[in-house]
Amino acid sequence: NAGVTQTPKFQVLKTGQSMTLQCAQDMNHNSMYWYRQDPGMGLRLIYYSASEGTTDKGEVPNGYNVSRLNKREFSLRLESAAPSQTSVYFCASGEGYDPHPTLFFGPGTRLTVL
Amino acid sequence: KNQVEQSPQSLIILEGKNCTLQCNYTVSPFSNLRWYKQDTGRGPVSLTIMTFSENTKSNGRYTATLDADTKQSSLHITASQLSDSASYICVVRSGNTPLVFGKGTRLSVIA
């Protein structure tokens, strides 16, 4: 059981470049999430997918798009990266039908936009 | 506005000592509160969950308390170990709205 895996672990982009962060989980969870973590701030929800085929905006969705490729995979795309998107990105999964779901987080992707 | 405030921001203790981390929240309505541990360079891992009816819950050397009336929670770590060095994050759930994360307390345990 790998849990939640993310690729890449590190990435440096120039302003305006695009990239896709990949996430996969092997726990058969229905719900998947993308968060960003910035120094001095709590984790903030970018997008989430309550189940395969659905996606919804979180607190900070601007500048991002997501795709729930199948039950296992949930990707995050930056179409035109900006320095304000420099952050650590965490993917998480959980059982959405559980009234008190535990979130399982991946190891994170550290993104720097120059 | 739903908020979660944690204190202290950072803490340094000697190995073997106890410590208590605090979490105050203004989230309403309250569903549950979790404490996560985040090691440097890793994702957060759930330590314990507190629901409205629970006052105290233990997970090994970690004991969480919840006072739903005053909207406060604490995480007590007993006989600290070097491996306890991490950030501890308080997270509150309110219905189906996004989770509200605290900024965390950075704990350093030194020999």
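As the structure is a prediction and not an experimental result, all values here were calculated from the model. Here is the naming used below: chain letters follow the sequence lines, and residue numbers restart at 1 for every chain. Keep in mind that the numbers below use all heavy atoms, side chains included, and drop hydrogens, waters and symmetry copies.
Within the 3.5 Å criterion, the main-chain N or O of A:Leu103 finds a donor-acceptor partner in the side chain of B:Tyr36.
In the hydrophobic cluster analysis, where Ile, Leu, Val, Met, Phe, Trp and Tyr join through side-chain heavy atoms closer than 4.5 angstrom, A:Val88 is grouped apart from A:Val4. When the side chains of ILVMFWY residues are joined at heavy-atom separations under 4.5 Å, either directly or via intervening members, A:Phe74 and A:Met19 end up in a single hydrophobic cluster. The hydrophobic cluster containing B:Ile77 also contains B:Leu66, counting ILVMFWY residues as joined when their side-chain heavy atoms lie under 4.5 angstrom apart, directly or transitively. B:Trp35 and B:Ile13 fall within the same hydrophobic cluster, where Ile, Leu, Val, Met, Phe, Trp and Tyr residues are linked whenever their side-chain heavy atoms come under 4.5 Å apart, directly or through other members. Clustering ILVMFWY residues whenever any of their side-chain heavy atoms sit less than 4.5 angstrom apart, transitively, puts B:Tyr88 in the very cluster that holds B:Leu11.
Looking at B:Gln38, the atoms closer than 4.5 Å to chain A (heavy atoms on both sides) all sit in the side chain, from C-beta outward. Contacts between A:Phe104 and chain B at a heavy-atom distance below 4.5 Å are absent for every atom of the residue. Residue A:Gln6 does not touch chain B at all, counting heavy-atom pairs closer than 4.5 Å.
Within residues 17-28 of chain B, no residue has any heavy atom closer than 4.5 Å to a heavy atom of chain A. Listed by sequence position, B:Gly43, B:Pro44, B:Ser46, B:Ile49, B:Thr51 are the residues of residues 43-53 of chain B in contact with chain A, using a 4.5 angstrom heavy-atom cutoff. Annotation: residues 106-114 of chain A contacts chain B through A:Gly106, A:Pro107, A:Arg110 [non-hydrogen atoms, separation under 4.5 Å].
Residue A:Arg44 places its CZ atom among more than 12 non-hydrogen atoms of other residues, nucleotides or ligands, all under 6.0 Å distant. Enclosure of atom CD1 in B:Ile110 by more than 12 non-hydrogen atoms of other residues, nucleotides or ligands within 6.0 angstrom is indicated.
When side chains are defined from C-beta on, B:Leu99 does not count as touching A:Leu43, because their heavy atoms never get closer than 4.5 Å.
Residue B:Phe101 holds its CZ atom at 13.0 Å from CE of A:Met41, rounded to the nearest 0.5 Å.
For residues 98-107 of chain B, the set of pairs meeting the side-chain hydrogen bond (donor to acceptor under 3.5 Å, both in side chains) definition, not counting sequence neighbours, comprises B:Thr40-B:Arg106.
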